[in-house]
Number of protein chains: 2
Amino acid sequence: MGKPAPEAKPGATIYSVAEHAGVSIATVSRVLQGAAVVAEATRQKVLTAVDELGYTPLGAARSLAVRHHEAHGLVLPELSGPYYAELLMGFEARAAELDQSVVLVLTGSRTDLVAAVRQLATRVDAIAVFGSAAIPADVVRMLRAKKPVVVIAGEPHDGIEAVAAENLGSARELAGHVLDHGRRRVLFVGDPDSGPDVRNRHAGFVAAHRDRGLDAAEPVRVALSEADGAAFARRLLAGEHEADALMCANDELALSIMTALQDAGRDVPGDIAVVGWDDVMTSRYVRPGLTTVRQPVHELGALAASRLHELVSGEPPREDAQTLPTQLVVRSSCGCA
Amino acid sequence: MGKPAPEAKPGATIYSVAEHAGVSIATVSRVLQGAAVVAEATRQKVLTAVDELGYTPLGAARSLAVRHHEAHGLVLPELSGPYYAELLMGFEARAAELDQSVVLVLTGSRTDLVAAVRQLATRVDAIAVFGSAAIPADVVRMLRAKKPVVVIAGEPHDGIEAVAAENLGSARELAGHVLDHGRRRVLFVGDPDSGPDVRNRHAGFVAAHRDRGLDAAEPVRVALSEADGAAFARRLLAGEHEADALMCANDELALSIMTALQDAGRDVPGDIAVVGWDDVMTSRYVRPGLTTVRQPVHELGALAASRLHELVSGEPPREDAQTLPTQLVVRSSCGCA
DNA sequence: CTGTTAGCGCATTCAA
DNA sequence: TTGAATGCGCTAACAG
């Protein structure tokens with residue numbers, strides 16, 4: 001077992017350390033912040049005292065004195081699926097480089113979103129918010145009045161800065177690829193109103209049709225989860241929709257639909273092509289491999305953290321959308337060999 | 001576009017609000033905390049002033065005064081794959097219920113882990129740490145000397161509390177299931193030294209053999225990622241190992257190995273059975289479906305958050321491991337129809 | 001190179 | 001029901 005680790009003792013403050021080391025609190029602060037020059041001898045005395053007392057500075061006191069939290073807030077809808085997790089990893093990594101703590105709020109688990117973000121604004125210097133319908137625009141505006149804000153995967157609005165991955169162009173390319181396989185009854189599966197991302201993917205879908213003098217069908221408005229995909233697949237199999245190709249708003253949807261169709265005896269892509277968006281891990285494992293679009297999600301998170309830091313440092317918000325390039329990943333679910 | 005959202009104004013403090021409302025700061029504090037009784041008229045004056053000034057309290061000042069951060073720290077290795085994400089969601093959800101902020105540290109992105117957690121201890125009341133080899137025991141002990149700590153997916157050590165999902169019994173059951181299919185050259189793939197979780201799964205593997213009077217083979221020590229699984233699969237195909245079944249330490253490993261074997265023409269489970277651990281999404285989609293073990297990951301995260309809160313509230317650490325039950329999920333990769 | 005001192009913004013006694 | 005005063009622990013001038 002080993003001996004019990006010493007328990008947390010509350011006591012030690014900068015005063016007790018100073019006293020223990022026989023110096024002033026200013027000196028303690030100096031050696032701990034490495035700010036000014038301190039004689040090596042005193043430095044050691046302080047370090048020893050810190051160690052002996054198990055001193056842990058009180059972040060709140062420092063924040064109050066320096067008038068910075070040295071923390072970034074991040075508001076995400078949830079974390080299921082690889083997309084948000086990857087985004088968060090990118091954000092955290094960059095924040096770490098900038099010596100900023102990360103305070104996370106997931107809106108999915110909140111009954112009172114407004115109170116949660118208001119509370120968040122209380123303890124961070126700036127906040128990144130994911131731009132989905134799960135986080136209403138007026139909440140973002142409310143935040144903006146308190147702290148610097150950047151919207152992730154959204155569009156610049158009312159002077160609120162945004163960062164995003166490219167959607168329209170890649171969606172146009174992807175839809176064009178499917179159409180060029182000769183498919184003529186292509187359905188867009190996903191709700192363009194669920195957020196700027198899906199809206200732009202749908203816009204690309206429409207544009208690809210227009211490019212070829214075709215009319216795009218109305219989008220099938222379903223949410224972006226496995227369950228919604230399965231429900232749609234049932235409706236499709238029941239004959240409610242007619243299609244020889246499906247362009248799904250994300251991979252989760254595409255995968256659950258594709259699998260359901262296959263389980264029902266349909267041939268993908270023979271009978272019907274299916275493509276997605278995100279390039280999640282599963283998309284490489286299924287047969288046929290899912291044709292999709294890869295986003296630089298990690299970089300997107302990192303960019304958000306970088307921009308927050310620059311905004312805190314006094315840089316003005318950017319008016320233009322900062323867009324990261326995406327990449328079409330062609331496998332075989334689209335009809336390619 | 002809409003009109004620009006008002007920018008963050010730094011000014012407002014409890015003093016400016018008090019002045020604006022014509023009351024004392026004590027009254028402002030009272031209405032904002034809802035603590036004491038305040039006359040409805042004054043209450044409204046204060047609320048109006050708060051609104052007009054766009055007042056956001058400074059969390060650091062509050063923390064300093066109340067001597068609590070009202071925040072929990074969470075230290076995780078990374079977030080790829082559904083396991084940690086789900087854990088984090090459970091943790092965050094429970095923390096939210098308890099009105100605690102969540103400060104996240106991912107060790108994967110840190111060059112100096114010790115500095116990162118030391119810094120973390122500065123701004124939270126208590127810390128949950130994932131108990132893998134990625135986070136050394138002495139780091140945990142160091143933390144323990146500063147703040148209440150609970151180790152997730154670990155074992156109680158030196159008076160440090162732990163919460164975990166059940167591993168040994170389910171592993172014994174899973175390995176037994178495979179052996180009862182008549183497989184006799186079963187390999188455990190994963191490094192028992194990578195953490196208590198894998199160690200216990202391996203122990204169950206060994207126990208299942210012992211139950212049947214068999215000898216368990218030495219574990220194949222590989223890390224828990226897709227890439228490591230693919231590398232192992234190549235070695236297996238090259239004849240470096242001989243096996244008619246693989247019990248993998250997690251699903252990521254199992255999936256990448258299974259797919260690699262299939263791509264090389266091997267029949268799963270005909271030629272070789274493959275089972276995993278975690279029940280990730282992909283495990284339902286692959287063919288054959290992956291036999292695995294489902295953990296209550298969300299609940300595990302929630303339990304950690306609950307315990308942190310109780311420790312902060314003065315409850316003593318528990319000596320015994322708090323273990324959540326797991327569930328064997330039988331699909332067909334094990335040899336079942 | 002080091003010590004003294006004055007806030008940082010809030011919660012909270014204690015009086016009134 | 002309200003206000004005045006004090007201190008939470010730290011940083012950062014300013015003096016020496």
Side-chain angles (χ1 to χ4, degrees), chain A residues 9-47 49-50 53-71 99 118-119 121-125 146-147, chain B residues 9-47 49-50 53-71 99 118-119 121-125 146-147:
Chain A
K9 36 187 164 184
T13 71
I14 199 171
Y15 291 100
S16 55
V17 172
E19 189 178 10
H20 196 83
V23 300
S24 75
I25 61 166
T27 297
V28 175
S29 180
R30 282 191 271 256
V31 346
L32 260 36
Q33 300 311 321
V37 195
V38 179
E40 188 52 29
T42 28
R43 160 182 216 72
Q44 287 306 331
K45 283 194 301 186
V46 170
L47 259 18
V50 164
L53 269 49
Y55 171 58
T56 301
L58 194 59
R62 159 167 241 275
S63 293
L64 183 56
V66 301
R67 309 160 70 102
H68 275 334
H69 295 282
E70 297 167 316
D99 284 311
R118 200 189 293 278
Q119 159 72 15
T122 260
R123 30 172 61 261
V124 299
D125 299 315
K146 300 180 177 304
K147 301 280 172 173
Chain B
K9 37 187 164 184
T13 71
I14 198 172
Y15 291 100
S16 55
V17 172
E19 189 179 10
H20 195 85
V23 300
S24 75
I25 63 163
T27 298
V28 175
S29 181
R30 282 191 270 256
V31 346
L32 260 36
Q33 301 310 321
V37 193
V38 179
E40 185 53 27
T42 29
R43 160 182 218 73
Q44 286 307 331
K45 284 195 301 187
V46 170
L47 259 18
V50 164
L53 269 49
Y55 172 57
T56 301
L58 193 59
R62 161 169 238 275
S63 293
L64 182 57
V66 301
R67 308 163 71 99
H68 271 108
H69 295 283
E70 297 168 316
D99 285 313
R118 199 190 294 276
Q119 159 71 14
T122 260
R123 28 172 61 260
V124 299
D125 298 316
K146 299 180 177 305
K147 302 280 171 173

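Computation of the quantities below employed the complete heavy-atom set of this structure, encompassing side-chain atoms and omitting hydrogens, waters and symmetry-equivalent molecules. Throughout, protein chains are lettered first and strands after them, A, B, ... in sequence-line order, and every chain is numbered starting at 1.
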**Report entry** Whole angstrom value for the distance that separates C1' of C/dC10 from CD of B/E19
**Finding:** 17 Å

Report summary line: Value for CZ (B/R123) from CZ (A/R62), rounded to nearest 0.5 Å, stands at 10.0 Å

Query - Nearest-Å distance for atom pair NE2/P, residues B/H68 and C/dA11 - result: 15 Å

Query raised in the report: Below 4.0 angstrom from OP1 or OP2 of C/dG9, is there any side-chain N or O of B/T13?
Result: no

Report summary line: On a heavy-atom basis, the closest approach of A/L64 and B/A60 is N-CB, 4.0 Å

Query raised in the report: Picking from D/dG3, D/dC10, D/dT2, which would you name as closest to the side chain of B/T42?
Result: D/dT2

Requested in this report: Quick one: label A/V23 by what it contacts on the DNA or RNA (base, sugar-phosphate, nothing), any heavy atom closer than 4.0 Å.
Outcome: sugar-phosphate

Query raised in the report: Got A/K146 and A/T122 here, is their nearest side-chain heavy-atom distance under 4.5 Å?
Result: no

Requested in this report: Identify whether any heavy atom of A/S63 sits under 4.0 Å from a base atom; if not, whether one sits that close to sugar-phosphate; answer base, sugar-phosphate or nothing.
Outcome: nothing

**Report entry** Rounded distance in Å - CG (B/L64) to C1' (D/dT6)
**Finding:** 13 Å

Query - Selection from C/dT5, D/dT2, C/dC10 that lies nearest to any side-chain heavy atom of A/I25 - result: C/dT5

Query raised in the report: In terms of side-chain heavy atoms of B/A61, which of C/dT12, D/dT2, C/dG9 is nearest?
Result: C/dG9

Query raised in the report: Rounded to the nearest Å, what distance is computed from the CZ atom of residue B/R123 to the C1' atom of nucleotide D/dG9?
Result: 15 Å

Query - Separation of atom CZ in B/R67 from atom C1' in D/dT6, rounded to whole Å - result: 13 Å

Query - Protein-nucleotide distance (A/R62, atom CZ; C/dG9, atom C1'), rounded to Å - result: 17 Å

Requested in this report: Look at the side chain of A/Y15 and the base of D/dC8, then say whether one donor and one acceptor between them are separated by less than 3.5 Å.
Outcome: no

Report summary line: From CD of B/E70 across to P of C/dA11 the rounded distance in Å is 9 Å

Query raised in the report: B/I14 has an atom CD1; how far is it from atom P of D/dA5, in whole Å?
Result: 16 Å

Report summary line: Of C/dG9, C/dA11, D/dG9, the nucleotide closest to the side chain of A/Y55 is D/dG9

Report task. May I ask you to say what B/T27 touches in the nucleic acid, namely base, sugar-phosphate or nothing, with a heavy-atom cut-off under 4.0 Å? Result -> sugar-phosphate

Report task. Go through the N and O atoms of the side chain of A/R30 and the base of C/dG3, and report whether any donor-acceptor pair is under 3.5 Å. Result -> yes

Query raised in the report: Which is true for A/A26 with a 4.0 Å heavy-atom rule: it touches a base, it touches only sugar-phosphate, or it touches nothing?
Result: base

Query raised in the report: Within a strict 4.5 Å, meaning less than it, do heavy atoms of the A/V23 and A/V28 side chains meet?
Result: yes

Query - Closest contact, heavy atoms only, A/I14 versus A/I25 - result: CD1-O, 3.6 Å

Report summary line: The residue, B/A65 or B/V38, whose nearest nucleotide of DNA chain D is more 5′ is B/V38

